[in-house]
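For reference, the structure discussed in these notes is given below.
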There are 2 protein chains.
Amino acid sequence: MSRFLSQQFRGKEGYKLGERPKAVDFIKLNANESPFPPSPKVMEAVASADLEQMRLYADPHNSAFRQSIAESLGVSVDQVLADGGSDVILGYCLLAYGLDEPGFLFPDITYGFYRVFSLTYGVSFREIPLNDDFTINLEDYRGCGRHILIANPNAPTGLVLSRDQIETILRGNPDSVVIVDEAYVDFGNESCVPLTAKYPNLIVIQTLSKSRSLAGARLGFAVSSPEIIDDLEALRSSFNPDSISTVSQIMGCAAMKDEAYTRACTGKTIALRDSVAEEFARRGFTVTDSHTNFLFVSPPGISAAAYTRALKERRILARYYDGPRVRDYVRVTVGTESQMAELIRQTDEILADYERSLARESCDSALV
Amino acid sequence: MSRFLSQQFRGKEGYKLGERPKAVDFIKLNANESPFPPSPKVMEAVASADLEQMRLYADPHNSAFRQSIAESLGVSVDQVLADGGSDVILGYCLLAYGLDEPGFLFPDITYGFYRVFSLTYGVSFREIPLNDDFTINLEDYRGCGRHILIANPNAPTGLVLSRDQIETILRGNPDSVVIVDEAYVDFGNESCVPLTAKYPNLIVIQTLSKSRSLAGARLGFAVSSPEIIDDLEALRSSFNPDSISTVSQIMGCAAMKDEAYTRACTGKTIALRDSVAEEFARRGFTVTDSHTNFLFVSPPGISAAAYTRALKERRILARYYDGPRVRDYVRVTVGTESQMAELIRQTDEILADYERSLARESCDSALV
């Protein structure tokens, strides 16, 4: 830190990303990336693009990309904002509506970016505890007097609220902005996008990083009322209007147009997720009811931290959060079938090792 | 605007971009883009990239890209921050050092982003008038007690301070951050990057959008002391650590490594700029001493606004700023030789039209 840094940013810690080792000999299940390549149409679109045009600024309005989103979701283009990843859009939302009191309300266990961003940028917020089973208590949000930010499905718990439940929150908070972060919605859930027609205070945020296999392209979008989109456009036009590169805009269009491919990929992930969840449960793990492309599991006997470490020694990366209430759990991305088979095989060995060490310990103490 | 927007952002206007018409039948001289395609090595790098890897998040530390910058400029990698365009980095700098009083000092006539960003995001600043000839009065910056932000060469004037003059500012302000925005430095000027070894309070910002023909890839970087780079990394890691797409990182590396190509392109632009400046001067235009890839010219007789409009009718886009002291000038990018020949040809016609209309008027009034 330099001696010049503004007071507001002193002693703040940035959002901690999942490890991204360079070595290719890890099975990487720690960042909820898609195991599938982007749509072949994405590749074709890039291959046929005239890259000499990279000398020119990209379209700052992301017109073609926004059009492809509007068509895919059945909304009008003035209801759509696009930017370089959904985090950026979430950041603009937090700034746009969270600098004045009373600011935002979000669950205590959710995507860590909300808290880190708010602390860093001086956004006012309050965290509200989830129930003991990680579910959201809708009563907590009724007429709460704050803007609301909910990841649905939630991360890292994987649990989901139905569209009706979100509508209950909307009905109870007509004078607040309600943001629904749908990063994982495509893994078998109801999107709240249709509710934007009825609730001008609703913002739905999605990303192309998960279900559309484009984490490396940095693409996200928001769907809301035209007034709210105007607010957010004003912020992005003063921070970084040229946020999406020409190539990423091309990729984004192609990906949004190939819904069949997206559905094929997410279908495979959903089926595999449910079967791996059963495998974990059979081995005595506590497994939340995940509606995403990851599982949130608590191992039997062995601590979650030790299980994560053991997986890493066996070249499998999972995500561990050392925080209250979640430190008994590990988050693992649903990868390919062979990766999941390897995960279960290694898990069996880790559990067997653990049993052996327990037996040795009790044997040792019997000898003493 | 929605009724929810935070007070700070109400009634603010975003940065106004140059027009970006879709029609290809305009000669586009309004955004200081390069007329040359990116280096052939950039194309090769993209063609040989494994785009299936777009399913994974990009390297959030931009390690390879930062390494290529460090090597190209002869600094260490912990002195380099990279992000999705130099505007983003400028934004982080303004936030990092400008939220506390007394904030920033910058010229009244300079890159408009500084003012718009500061107003939007609550950065404290004061603008100091340039001299009547658009030069900077170094005395204004001596021990000014504020952080300093200077575009060098300046835009839209094109005028430049020598490295010695910047060092005078640095010597006079050891307790302020001094930011030198070198977006146009490659067009024949001395960079202040070597001064970062001596002045830990200096931040030099560059972009790949101009001299390296990659406006569409969104790439910029800062060179400073490791402490300052730490400050800025903390901000970006809480706003958008994944700011540069995988493809743009690949393009950036290739472009930084092909200095010979960059120098060949900038050499052509410099030679053409100087000859077009002479053409304008010969026709009675006032022409500033531009050290960039654009010319800032004031037409004889006809107003700058009318000249810009007439150019547009003739399918040439130039940039006009309707502000005090600059409204007599037009900014035109130095394009290809044939574009410049067309610019001069159309300018001659516009001036001839103007002469004819003057003659008609005086004839009319003689008849009255």
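Below, chains carry the letters A, B, ... as their sequence lines are ordered, and counting in each starts from 1.
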Quiz item: Applying salt bridge (Lys or Arg N to Asp or Glu O under 4.0 Å), which residue pairs with at least one partner in residues 37-55 of chain A are found, sequence neighbours left out?
Solution: none
Quiz item: About how many Å separate CG of B/Asn201 and CZ of A/Phe4, when rounded to the nearest 0.5 Å?
Solution: 5.0 Å
Quiz item: Hey, is the main chain of A/Ala96 close enough, under 3.5 Å, to the side chain of B/Ser6 for a donor-acceptor pair?
Solution: yes
Quiz item: Ignoring hydrogens and geometry, is there a side-chain-to-backbone donor-acceptor pair from B/Asp231 to A/Ser2 under 3.5 Å?
Solution: yes
Quiz item: What part of B/Ser225 lies closer than 4.5 angstrom to a heavy atom of chain A: side chain, backbone, both or neither?
Solution: neither
Quiz prompt | CA sep, side-chain torsions, deciding dist, call: A/Asp175, B/Arg3, side-chain contact (heavy atoms from CB on, under 4.5 Å) | solution = CA-CA 9 Å; A/Asp175 293 320; B/Arg3 65 194 160 105; 2.8 Å; yes
Quiz item: Got a second to check how far A/Glu33's CD is from B/Gln53's CD, nearest 0.5 Å?
Solution: 9.5 Å
Exercise. Could you tell me which portion of A/Val42 (side chain, backbone, both or neither) has an atom closer than 4.5 angstrom to a non-hydrogen atom of chain B?
Key: neither
Self-check item: Heavy-atom donor-acceptor pair, B/Tyr121 side chain to A/Leu235 backbone, under 3.5 Å
Solution: yes
Quiz item: Given side chains that start at C-beta, do those of B/Leu51 and A/Met43 come closer than 4.5 Å, heavy atoms only?
Solution: yes
Quiz item: Taking only residues two or more places apart in sequence, or in another chain, which ones meet A/Tyr92 in a ring pair (Phe, Tyr, Trp, His ring centres under 6.0 Å)?
Solution: B/Phe239
Practice problem: Begin with the C-alpha distance, continue with both residues' side-chain angles, and end with the deciding distance and a verdict on side-chain contact (heavy atoms from CB on, under 4.5 Å) for B/Met251 and A/Met54. | Solution: CA-CA 10 Å; B/Met251 289 181 162; A/Met54 297 299 288; 3.5 Å; yes
Practice problem: Determine the minimum heavy-atom distance between A/Ala217 and B/Ser245, stating which atoms define it. | Solution: O-CB, 3.8 Å
Quiz item: Taking all non-hydrogen atoms of both residues, which atom of B/Val116 and which atom of A/Ser238 are closest, and how far apart?
Solution: CG1-OG, 3.6 Å
Quiz item: How far apart are the C-alpha atoms of B/Tyr57 and A/Arg218, what are their side-chain angles, what is the distance that settles it, and do they pass the side-chain contact (heavy atoms from CB on, under 4.5 Å) test?
Solution: CA-CA 8 Å; B/Tyr57 284 102; A/Arg218 315 307 312 129; 3.6 Å; yes
Quiz item: Highest number of heavy-atom pairs under 4.5 Å with chain A: which of B/Ile244, B/Val177, B/Asp230?
Solution: B/Val177
Quiz item: So, does A/Gln8 use its side chain to make a donor-acceptor pair with the main chain of B/Leu99 at under 3.5 Å?
Solution: no
Exercise. Below 4.5 Å from any heavy atom of chain A, which atoms of B/Leu95 appear? Answer side chain, backbone, both or neither.
Key: both
Self-check item: side-chain contact (heavy atoms from CB on, under 4.5 Å) evaluation trace for B/Asp100 with A/Gln7
Solution: CA-CA 7 Å; B/Asp100 299 342; A/Gln7 212 54 44; 3.6 Å; yes
Quiz item: Among A/Gly91, A/Ser209, A/Gly85, which has the most heavy-atom pairs under 4.5 Å with chain B?
Solution: A/Ser209
Practice problem: Report the distance from atom CG of B/Leu90 to atom CG of A/Asn240, rounding to the nearest 0.5 Å. | Solution: 11.0 Å
